[in-house]
Amino acid sequence: MRCFPCHTPHELDESNPKHEKAIARHKELEKTYGQRINIFRDTPETTLRNLMVSSRKPRAGRLPLINVADPAKSLLILKPTSKLPKKDADGKFEKPSHAEPVSHMGGLKMHVNDQSYKSFMAWIQDYSRVIGDQYASADDLPLDNWYPSMQVLRLKNAPESWKVLTGVQMFVHAWNDTEKSWSDEPVAFTQGTVTPRKMVNGALFLLAPADAGGQDTWDREGSTLPTGRYLIKTYVDTKGRLADNPAAFLTEADYFGQATVEDTWNEGFRDAKVLDGTLLQK
Ligand code: HEC
C-alpha cells in the first residue's frame, strides 16, 4: 500500500485506466534511477533474492538494503522512515543520501513503530537469525501466522495520558455467540503511534485460523473480518519497550483499556473502523 507505485512495477496494470498516471510516474523513476527502483519483484522469492544479492556486497558510503548486523539500519527501513532531501540554494533537492542521515526521494512513507515498521523489522530480524544459524531446527522457527489486510482500525480522541509518538498496540477479539464470550485469542492486531491529532491508525493483521491447514487453504489475500461485534484491547508502550525490541508484543503490564466496535469492516484508511478513545474502560 505504501511503496506503490514507485517500487512495485508488477502491481502496475496496463489495462487499468486508474493506473495510467502511476505507470508514467514509474517509467520516469526507472529512467532516472535504473533498476534499483524496482525493489519489490513479482514474487516474494525473487524480491528476497534481489535484496540478498544487493546487500551482500555493501558499497562504501551506502548502507545495505538489509542489514543483518543491525536490522534497524537497513535501507529498507531507513529510506521510507526518512524525509525528502534538503533543497539547495536554487530550490532543487540535494542528492538523496544512502548513509546516515538517510534521505528518501519518496518522502516519509512509514513511521517508526507503526504496523509496517513492525512487520518489516520482525522480518529482517528473523532473516538475520536464519542466516546467522540461530535456529537449530525448523521447529524453532517462529510460527508466523499473521497476515496483512486492508482493513483499518482508527482510535480517535486518544486518552490525555497517551503522549504523541508513543507506540500503541490494539488487539481485536471476536464475539462468540454460542459461548457468549469474547475469543481468548485475538483474531486481529495492529500497531501505530499517537499522532499530533491524538489518533492511532493501523491496518489490521489477521490471525490465520488454527485449523487453516498449514495456512495454505486460507484465503490470506482476500480474508476479512466478518460483520459482528468485536472487543478492542489497547496496550500502550509507556516504558519504551518497542525501541529495544520492535517486534515485541506488549503484555498485561502495558494494558490500558478496552472498548467494543460493531458492524462491517471496510477497506482503506478512508473507511477505517473508528473507535472512540473516550470509551476505553479498564
Ligand atoms: C512516491 C514514490 C515513492 C514511494 C511511494 C516510496 N519510495 Fe522509496 N524511493 C523513491 C525514489 C524516487 C527513490 C530513489 C532515490 C532515493 O534513493 O531516495 C527511492 C529509494 C528507495 C530505496 C533505496 C533503493 C536503492 O537501492 O537505492 C529504498 C530501500 C526505498 N526507497 C524503500 C521504500 C519503501 C520500503 C517504501 C514503502 C514503504 C518506499 N520506498 C516508498 C520513491 C518512492
Side-chain angles (χ1 to χ4, degrees), residues 1-13 18-44 46-88 92-128 147-150 152 190-193 195 201-205 246-247 268-270:
M1 278 198 277
R2 293 168 171 199
C3 314
F4 178 93
C6 309
H7 301 303
T8 58
H10 64 283
E11 286 182 351
L12 292 166
D13 177 5
K18 280 193 196 153
H19 282 192
E20 212 173 289
K21 260 201 196 131
I23 289 172
R25 171 118 178 81
H26 177 261
K27 264 210 188 96
E28 228 171 80
L29 290 177
E30 237 177 12
K31 216 161 50 186
T32 313
Y33 299 101
Q35 279 306 308
R36 73 182 173 89
I37 204 76
N38 295 330
I39 299 173
F40 299 100
R41 304 294 170 105
D42 53 344
T43 65
T46 327
T47 299
L48 182 58
R49 197 171 312 127
N50 182 45
L51 291 170
M52 286 164 69
V53 169
S54 144
S55 304
R56 225 176 266 147
K57 32 175 196 215
R59 278 187 272 139
R62 194 193 141 98
L63 286 159
L65 289 172
I66 295 185
N67 192 337
V68 288
D70 190 353
K73 303 285 159 152
S74 304
L75 273 189
L76 211 51
I77 301 275
L78 289 173
K79 280 276 178 184
T81 52
S82 299
K83 293 188 182 157
L84 288 162
K86 285 205 198 74
K87 287 186 178 170
D88 63 19
K92 284 211 304 209
F93 285 117
E94 288 174 4
K95 266 184 95 177
S97 160
H98 287 71
E100 289 191 285
V102 168
S103 54
H104 180 214
M105 275 311 283
L108 199 56
K109 287 288 174 273
M110 182 158 108
H111 292 281
V112 170
N113 285 336
D114 72 11
Q115 87 278 355
S116 307
Y117 179 85
K118 184 188 199 68
S119 57
F120 274 52
M121 279 297 293
W123 163 59
I124 297 176
Q125 282 179 346
D126 190 44
Y127 173 73
S128 307
Y147 290 100
S149 82
M150 307 269 274
V152 178
T190 194
Q191 175 175 313
T193 54
T195 70
N201 293 294
L204 294 182
F205 287 89
F269 279 84
R270 217 177 290 164

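For the single chain, residues carry numbers from 1 onward in sequence order. Just so it is clear, the values below take in all heavy atoms, side chains as well, and ignore hydrogens, waters and symmetry mates. Remember, it's 1-based here, ligands and their atoms both numbered in the order they're listed.
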Engineer: Report the part of Arg62 in contact with ligand 1, treating N, CA, C, O as backbone and CB onward as side chain, heavy atoms under 4.0 Å; options are side chain, backbone, both, neither.
Structural biologist: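 For Arg62, only side-chain atoms sit under 4.0 Å from ligand 1.
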Engineer: Is any side-chain heavy atom of Met105 closer than 4.5 Å to one of Pro85?
Structural biologist: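 SC-SC contact between Pro85 and Met105 confirmed.
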Engineer: Please identify which atoms of ligand 1 are closer than 4.0 Å to at least one heavy atom of Leu76.
Structural biologist: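 That gives atoms 29 (C), 35 (C) of ligand 1.
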Engineer: Rounded to the nearest 0.5 Å, what's the gap from CG on Leu48 to CH2 on Trp123? Could you check?
Structural biologist: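 Here the rounded value is 6.0 Å.
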Engineer: Apply side chain to side chain contact (heavy atoms under 4.5 Å, CB included) to Met52 and Tyr127, showing your working.
Structural biologist: CA-CA 10 Å; Met52 286 164 69; Tyr127 173 73; 2.9 Å; yes
Engineer: Take atom CD of Glu20 as the centre, draw a 6.0 Å sphere, and report whether it contains more than 12 heavy atoms from other residues, nucleotides or ligands.
Structural biologist: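 Atom CD in Glu20 is not crowded, with 12 or fewer foreign heavy atoms closer than 6.0 Å.
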Engineer: Apply side chain to side chain contact (heavy atoms under 4.5 Å, CB included) to the pair Val102 and Leu75, showing each step before the final yes or no.
Structural biologist: CA-CA 8 Å; Val102 168; Leu75 273 189; 4.2 Å; yes
Engineer: Starting from atom 35 (C) of ligand 1, which protein heavy atom do you reach first, and at what distance in Å?
Structural biologist: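 For atom 35 (C) of ligand 1, the nearest protein heavy atom comes out as Pro80 CG, 3.5 Å.
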Engineer: Which residue holds the protein heavy atom closest to atom 11 (C) of ligand 1, what is that atom called, and what is the gap in Å?
Structural biologist: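 I find the closest protein heavy atom is Ile37 CD1, 3.5 Å.
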Engineer: Assess the residue pair Asn38 and His10 against the criterion (side-chain hydrogen bond (donor to acceptor under 3.5 Å, both in side chains)); give the C-alpha distance rounded to whole Å, side-chain angles, the decisive distance to 0.1 Å, and a yes or no.
Structural biologist: CA-CA 9 Å; Asn38 295 330; His10 64 283; over 6 Å; no
Engineer: Is any side-chain heavy atom of Ile37 closer than 4.5 Å to one of His26?
Structural biologist: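 Sidechains of Ile37 and His26: in contact.
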Engineer: Do me a favour and list the nearest non-hydrogen protein atom to atom 18 (O) of ligand 1 with residue, atom name and distance?
Structural biologist: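 Going atom by atom, the protein heavy atom closest to atom 18 (O) of ligand 1 ends up being Met105 N, 2.9 Å.
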Engineer: Between atom 8 (Fe) of ligand 1 and His7, is there an N, O or S atom separated by less than 2.8 Å?
Structural biologist: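 His7 does place an N, O or S atom closer than 2.8 Å to atom 8 (Fe) of ligand 1.
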Engineer: Under the criterion side chain to side chain contact (heavy atoms under 4.5 Å, CB included), I'd like the reasoning laid out for His98 against Lys79: C-alpha separation, chi angles, the key distance, then a yes or no.
Structural biologist: CA-CA 8 Å; His98 287 71; Lys79 280 276 178 184; 3.4 Å; yes
Engineer: Do any nitrogen or oxygen atoms of Lys79 lie less than 3.5 angstrom from nitrogen or oxygen atoms of ligand 1?
Structural biologist: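 Yes, there is a polar N/O contact under 3.5 Å.
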Engineer: Could you tell me the residue and atom name of the protein heavy atom closest to atom 27 (O) of ligand 1, and the distance to it rounded to 0.1 Å?
Structural biologist: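 Among all protein heavy atoms, the one nearest atom 27 (O) of ligand 1 is Arg36 NH1, 2.5 Å.
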Engineer: Check whether any N or O atom of Lys109, backbone or side chain, sits under 3.5 Å from an N or O atom of ligand 1, and answer yes or no.
Structural biologist: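 Among all N and O atoms of Lys109, none is under 3.5 Å from an N or O of ligand 1.
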Engineer: Any idea which protein heavy atom is nearest atom 42 (C) of ligand 1, and the distance to it?
Structural biologist: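 For atom 42 (C) of ligand 1, the nearest protein heavy atom comes out as Gly106 CA, 3.3 Å.
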Engineer: Any nitrogen or oxygen of Met110, side chain or backbone, less than 3.5 Å from one on ligand 1?
Structural biologist: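 No.
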Engineer: Say whether Arg25, considering both its backbone and side-chain N or O atoms, lies within less than 3.5 Å of an N or O atom on ligand 1.
Structural biologist: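 Not met; the criterion fails.
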Engineer: Evaluate Lys18 against Asp13 for side chain to side chain contact (heavy atoms under 4.5 Å, CB included), listing each step before the verdict.
Structural biologist: CA-CA 9 Å; Lys18 280 193 196 153; Asp13 177 5; over 6 Å; no
Engineer: Please state which protein non-hydrogen atom is closest to atom 4 (C) of ligand 1 and give its distance, to 0.1 Å?
Structural biologist: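 Answer, as residue, atom name and distance: Cys6 SG, 3.3 Å.
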Engineer: Give the contacting part of Cys3 toward ligand 1: side chain, backbone, both or neither, where contact means a heavy-atom distance below 4.0 Å.
Structural biologist: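 Both backbone and side chain.
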Engineer: Counting both backbone and side chain atoms, is some N or O of His104 under 3.5 Å from an N or O of ligand 1?
Structural biologist: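 Yes, since at least one N or O of His104 sits under 3.5 Å from an N or O of ligand 1.
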Engineer: Under a 4.0 angstrom heavy-atom cut-off, which atoms of ligand 1 come close to Leu75?
Structural biologist: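 Atoms satisfying the 4.0 Å criterion: 29 (C).
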Engineer: Leu65 heavy atoms, cut-off 4.0 Å: which ligand 1 atoms fall inside?
Structural biologist: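 Counting from 1, the qualifying ligand atoms are 26 (O), 29 (C).
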Engineer: Does CZ belonging to Arg25 count more than 12 external heavy atoms closer than 6.0 Å?
Structural biologist: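 No - once you tally the heavy atoms of other residues, nucleotides and ligands closer than 6.0 Å, there are 12 at most.
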Engineer: Under a 4.0 angstrom heavy-atom cut-off, which atoms of ligand 1 come close to Phe120?
Structural biologist: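 Answer, ordered by atom number: 35 (C).
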Engineer: Using a 4.0 Å cutoff against the non-hydrogen atoms of Leu29, which atoms of ligand 1 qualify?
Structural biologist: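 With Leu29 as reference, the close atoms of ligand 1 come out as 12 (C).
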Engineer: Measure from the ring center of His7 to the ring center of Tyr33 and say whether it is less than 6.0 Å.
Structural biologist: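 No.
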Engineer: Could you tell me whether the side chain of Ile39 reaches within less than 4.5 Å of the side chain of Leu76, counting heavy atoms only?
Structural biologist: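 Of all side-chain heavy-atom pairs linking Ile39 with Leu76, at least one is under 4.5 Å.
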